[in-house]
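Down below is the structure, laid out as structure tokens.
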Amino acid sequence: MTFICRFAPSPTGPLHIGGVRTALFNWLLAKKNKGKFFLRIEDTDKERSKDEFKNQIISSLGWLGVKHDDKEYIQSKNINKHVEVANELVKKGFAYYCYCTEKDLEEQKTQAKRKSLPFVYNRKCRDLKEKKDSPAVLRFKSKISGSSLIKDLVQGEMNVSNLTIEDFVILRKDKTPTYQLSATVDDHEMKITHVIRGDDHKINTFKQKQIYDAMGWKIPEFAHIPLIHSESGKKLSKRDKASTIDDYIKIGILSDALRNYLLRLGWAHKDKEIFTLDESIKLFDLKGVGRSPSKLDMSRILSINEHYIKHIDEKELFKLLKIYCKKFKKNIDSSKENILLKSMNFLKNKAKTLEDIFQNAQYILQDNIQVSPEDAKLLDASSKKIIKDFLDEFEKLSKTNKETLEKIVNDLLSKYKTNFKGVGQPLRIALTGSKYGPGLYDILLSLDKDEIVKRLKMIK
RNA sequence: GGUCCCAUCGUCUAACGGUUAGGACAGAUGGUUUUCAAUCAUCUAAUCGGGGUUCGAUUCCCCGUGGGACCGCCA
């Protein structure tokens, strides 16, 4: 059996992390089964659909490595077909025109509320014999007796009484198709075999199933995955903080790390936490998807990111840093590239994100060291004397390496009868502008000799 | 209000009906260290409540409670 999966977002806002995970799961299932993964842009809401969001969706998924097969499908291009199907449904007696106004519907709703009935359209126009001239929407004639059963790959058997499914609109007053129709027709046309989507779509499945049945089409397999909740415990929305991919890119999260985090959100494989791309394709399955919603946890994202920062190839990491700086900070000067690359091995040890690395590398990137007033206080007379002594010896050095540097420092330790901090701190402040930073020898060995001399001479 | 779904440490989760209920993140403590980190070791911490079924229930069933989703001419 071939697997054809899809992800079908609407370009009405930036794609958030929940959608990204849905896309990832679809993609994984397709890859695992050597099938296809399509991206379909559901832009039938002309008012709210924006090209800008379409591009954001495509680039977000691309960044994560979730690449779709073929060119993306644009739903609005297939509208004629959707309408055609709508007309066929009318012909077959599965759809009818409804002339109720918004006011009517409003009224019906308050009535229903009062009587504790479901807020569904009351099917007032369902059995209207003659056609009127006034504007109408086309509604699907839902079943009103019995119940419907859908076997869901994650939820198990879902059973719903048909009476609770309303006669939903499939064609708007302006004759344009709605989601229920378009999505169903497109899924059928694209020969989608598996639909993984958020469980907020569960009721839609029952509506769509009726269209499939009415048209005599084969219904795909469905898997409704639980939603991702924000810290507040509610369905994640585009308005939540740190909800889009861009939010994570901006703070320097690696795509592998985010992919890994998302994979483990709602899915597990034994005790395994870290999955390479290949492993996730091989190991992913719908059986491992749970049925309860999960919360976003920033500290966990950071922790996984830290893991990837420490484990990927340093050249690769440097490349990512360069891209990151160019986009969000400032271009790394080519004269600094070598020294930065050489320093990745220790810079990365103190970093959870690319932004952290950037911060830790400030002493390399900045030519003029600014000592904060607070740290400047630590540079008292004796500290300055130590710096001066160090400088004298350092300038005499013919060969700069860990041993020769250590000798200077050790001599100072005994001369001033102090501990390492007594020597290390003033030097670190003079060289980096901060009392926090990389190990002293890492700093000393990463900077050019002239630069070190220059910086130390600044301290008077 | 109606319909549906969910419930294991704070969080993500593991556990053929039989485990001292496991792992990871976070947190705490200690060791190491050159500051901040990192690292190593140790610790704290959970089966929502009540009934069944069963020799035995985190697991199956019912009720309650709590949380969530949906109820658009949005998708």
Side-chain angles (χ1 to χ4, degrees), chain A residues 8-13 19 42-45 47-49 75 98 100-102 105 109 112-121 135-139 152 155-156 158-161 163-166 168-180 182-183 197-204 206 224 226-227 229 231 233-235 261 264-274 288 290-304 306-307 310 346 348-352 356 360 409 419-425 427-429 432 434-443:
Chain A
S10 64
T12 54
E42 307 221 325
D43 60 343
T44 51
D45 182 344
E47 301 263 302
R48 299 194 302 150
S49 293
Q75 186 159 67
C98 165
C100 293
T101 62
E102 266 177 55
L105 296 173
K109 202 170 163 182
K113 220 172 219 176
R114 197 166 315 139
K115 293 182 193 160
S116 290
L117 291 168
F119 306 160
V120 295
Y121 169 64
V137 297
L138 188 64
R139 288 184 183 271
D152 187 282
Q155 305 285 328
M158 306 194 293
N159 205 330
V160 145
S161 160
L163 224 91
T164 64
I165 299 163
E166 79 171 347
F168 51 97
V169 173
I170 55 178
L171 238 42
R172 301 185 184 96
K173 208 175 282 176
D174 65 3
K175 306 290 178 228
T176 59
T178 64
Y179 164 76
Q180 305 293 1
S182 297
R197 44 158 51 155
D199 69 12
D200 50 342
H201 278 288
K202 270 192 283 190
I203 292 295
N204 293 334
F206 287 94
H224 288 91
L227 300 176
H229 285 177
E231 312 256 342
K234 297 264 162 64
K235 171 182 175 178
Y261 172 76
R264 280 287 285 100
L265 203 57
W267 178 84
H269 178 79
K270 299 178 184 164
D271 277 348
K272 198 167 164 60
E273 299 286 350
I274 300 296
R291 283 199 281 170
S292 52
S294 36
K295 271 186 198 157
L296 228 38
D297 180 0
M298 196 56 188
S299 66
R300 200 179 177 79
I301 296 175
L302 289 173
S303 150
I304 293 180
E306 184 179 9
H307 177 272
K310 288 194 173 129
F346 62 86
K348 71 179 184 183
N349 283 330
K350 292 168 189 271
K352 282 182 160 50
D356 289 346
N360 294 340
V409 171
N419 58 13
F420 189 92
K421 195 177 170 187
V423 172
Q425 183 164 282
L427 285 172
R428 182 179 288 108
I429 292 173
T432 69
S434 167
K435 65 180 164 176
Y436 305 126
L440 183 63
Y441 296 118
D442 285 333
I443 298 170

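Chain A is the first sequence line, chain B the second, and so forth, proteins listed ahead of strands; every chain is numbered from 1.
The residue among A/Arg139 and A/Pro118 whose nearest nucleotide of RNA chain B lies closer to the 5′ end is A/Pro118. Residues A/Pro177 and A/Phe119 each lie close to RNA chain B; by heavy-atom proximity, the contact nearer the 5' end of the strand is made by A/Phe119.
B/rA45 and B/rA26 have their C1' atoms separated by 11 Å, with the value rounded to a whole Å. Nucleotides B/rU59 and B/rA7 have their C1' atoms positioned 13 Å apart, rounded to a whole Å. Comparing B/rG72 with B/rU13, their C1' atoms sit 36 Å apart, to the nearest whole Å. When the P atom is compared between B/rG22 and B/rC9, the two are found 14 Å apart, to the nearest whole Å. Taking atom C1' on both nucleotides, B/rG51 is separated from B/rC40 by 49 Å, rounded to a whole Å. For the C1' atoms, the distance from B/rU33 to B/rA41 is 16 Å, rounded to whole Å. B/rG66 and B/rC48 have their P atoms separated by 16 Å, with the value rounded to a whole Å. Across the P atoms, B/rA21 and B/rG49 are found 16 Å apart, a figure rounded to whole Å.
The CG atom of A/Asp152 sits 9.0 Å away from atom CZ of A/Arg291, with the distance rounded to the nearest 0.5 Å. Within the model, atoms CG of A/Leu427 and OG1 of A/Thr432 stand 10.0 Å from one another, a figure rounded to the nearest 0.5 Å. With rounding to the nearest 0.5 Å, the separation of CG in A/Leu171 from OG in A/Ser182 is 9.0 Å. One distance of note links NZ of A/Lys295 with CD of A/Glu231; it measures 8.0 Å at 0.5 Å rounding. If you take CD on A/Glu42 and CD on A/Gln75, they are separated by 4.0 Å, rounding to the nearest 0.5 Å. With rounding to the nearest 0.5 Å, the separation of CZ in A/Phe168 from OG1 in A/Thr178 is 7.5 Å.
Using a 4.0 Å heavy-atom criterion, one finds that A/His269 contacts no nucleic acid atom at all. Heavy atoms of A/Gln425 sit nowhere under 4.0 angstrom from any nucleic acid atom. Residue A/Leu440 is in base contact, counting any heavy-atom pair closer than 4.0 Å across all strands shown. Residue A/Asn419 is classed as having no contact, given no heavy-atom separation below 4.0 Å to the nucleic acid. Residue contacts for A/Pro226: at a heavy-atom cut-off of 4.0 Å it reaches no nucleic acid atom on any strand shown. In this structure, A/Gly233 reaches the sugar-phosphate backbone alone: every heavy-atom distance under 4.0 Å involves primed, P, OP1 or OP2 atoms, never a base. No contact: A/Phe168 has no heavy atom under 4.0 Å from any strand. Backbone-only contact: A/Val169 has heavy atoms under 4.0 Å from sugar-phosphate atoms and none from a base. Backbone-only contact: A/Gly266 has heavy atoms under 4.0 Å from sugar-phosphate atoms and none from a base. Looking at heavy-atom distances under 4.0 Å, A/Arg114 makes no contact with the nucleic acid at all.
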Fill in: A/Thr44 and A/Thr176: CA distance, side-chain angles, deciding distance, side chain to side chain contact (heavy atoms under 4.5 Å, CB included) verdict
CA-CA 8 Å; A/Thr44 51; A/Thr176 59; over 6 Å; no
Fill in: Step-by-step side chain to side chain contact (heavy atoms under 4.5 Å, CB included) determination, A/Asn204 to A/Tyr179
CA-CA 10 Å; A/Asn204 293 334; A/Tyr179 164 76; 3.7 Å; yes
Worksheet entry | Chi angles and distances behind the side chain to side chain contact (heavy atoms under 4.5 Å, CB included) call for A/Tyr261, A/Leu296 | CA-CA 10 Å; A/Tyr261 172 76; A/Leu296 228 38; 3.7 Å; yes
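At whole-Å resolution of the value, CD1 in A/Ile304 and P in B/rA24 are 13 Å apart. Spacing between atom NZ of A/Lys235 and atom P of B/rG67 amounts to 19 Å, rounded to whole angstrom units. When the C1' atom of B/rC71 is taken as reference, atom CD of A/Gln180 falls 12 Å away, rounded to whole Å. Summarising the geometry, the separation between NZ on A/Lys115 and P on B/rC71 is reported as 23 Å, rounded to the nearest angstrom. Taking atom CG of A/Asp45 as the reference point, atom P of B/rG72 lies 16 Å away to the nearest angstrom. Rounded to an integer number of Å, the gap from NZ of A/Lys421 to P of B/rU34 is 12 Å. Computed from coordinates, the A/Lys272 NZ to B/rC25 C1' distance equals 17 Å when rounded to whole Å. Separating the NZ atom of A/Lys234 from the C1' atom of B/rG66 is a distance of 13 Å, rounded to the nearest angstrom.
Judged by distance alone, with hydrogens and angles left aside, the side-chain atoms of A/Ser49 form a donor-acceptor pair with the main-chain N or O of A/Asp45 at under 3.5 Å. Between the side chain of A/Arg428 and the backbone N or O of A/Gly439 there is no donor-acceptor pair closer than 3.5 Å.
Pair check for B/rU29 finds B/rA41; Watson-Crick or G-U wobble, both atom distances under 3.5 Å. Pairing partner, B/rA15: none, since no Watson-Crick or wobble contact has both distances short of 3.5 Å. Summarising the base pairing, B/rC9 is matched to no nucleotide, lacking a Watson-Crick or G-U wobble pair whose two defining distances lie under 3.5 Å. In this entry B/rG2 has B/rC70 as its Watson-Crick or G-U wobble partner, both defining distances falling under 3.5 Å. With a 3.5 Å ceiling on both atom-pair distances, B/rA75 lacks any Watson-Crick or G-U wobble partner. Pairing of B/rU34, defined by two Watson-Crick or G-U wobble distances under 3.5 Å, is not identified with any nucleotide.
Environment of NZ in A/Lys234: sparse, with no more than 12 heavy atoms of neighbouring residues, nucleotides or ligands closer than 6.0 Å. The local environment of NZ in A/Lys310 is crowded, with over 12 non-hydrogen atoms from other residues, nucleotides or ligands closer than 6.0 Å.
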Fill in: Where protein sits on nucleotides 38-50 of chain B, one letter per nucleotide: B base, S sugar-phosphate only, - none, heavy atoms under 4.0 Å
S------------
Worksheet item: Can you give one letter per nucleotide of nucleotides 5-11 of chain B, 5' to 3': B if a protein heavy atom sits under 4.0 Å from the base, S if only from the sugar-phosphate, - if neither?
Response: SSS---S
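Of the candidate nucleotides B/rA26, B/rU3, B/rC73, B/rA26 has the atom lying nearest to any side-chain atom of A/Ser303. Of the candidate nucleotides B/rU35, B/rG72, B/rG23, B/rG72 has the atom nearest to the side chain of A/Lys109. For A/Asp271, the listed nucleotide lying nearest its side chain is B/rG23; candidates were B/rA75, B/rA69, B/rG23. Side-chain proximity of A/Arg428 to the nucleotides B/rA69, B/rC73, B/rU34 is greatest for B/rU34. Picking from B/rG23, B/rC73, B/rU34 the nucleotide with the shortest atom distance to the side chain of A/Arg172 gives B/rC73.
Ion pair A/Arg300/A/Glu273 flagged as a salt bridge, since at least one NZ, NE, NH1 or NH2 atom sits closer than 4.0 Å to an Asp/Glu carboxylate oxygen.
The side-chain ring of A/His201 is stacked on the base of B/rA75, judged by centre separation under 5.5 angstrom and plane angle under 30 degrees.
Between A/Thr44 and B/rA75 there is a side-chain polar atom (N or O) within less than 4.0 angstrom of OP1 or OP2.
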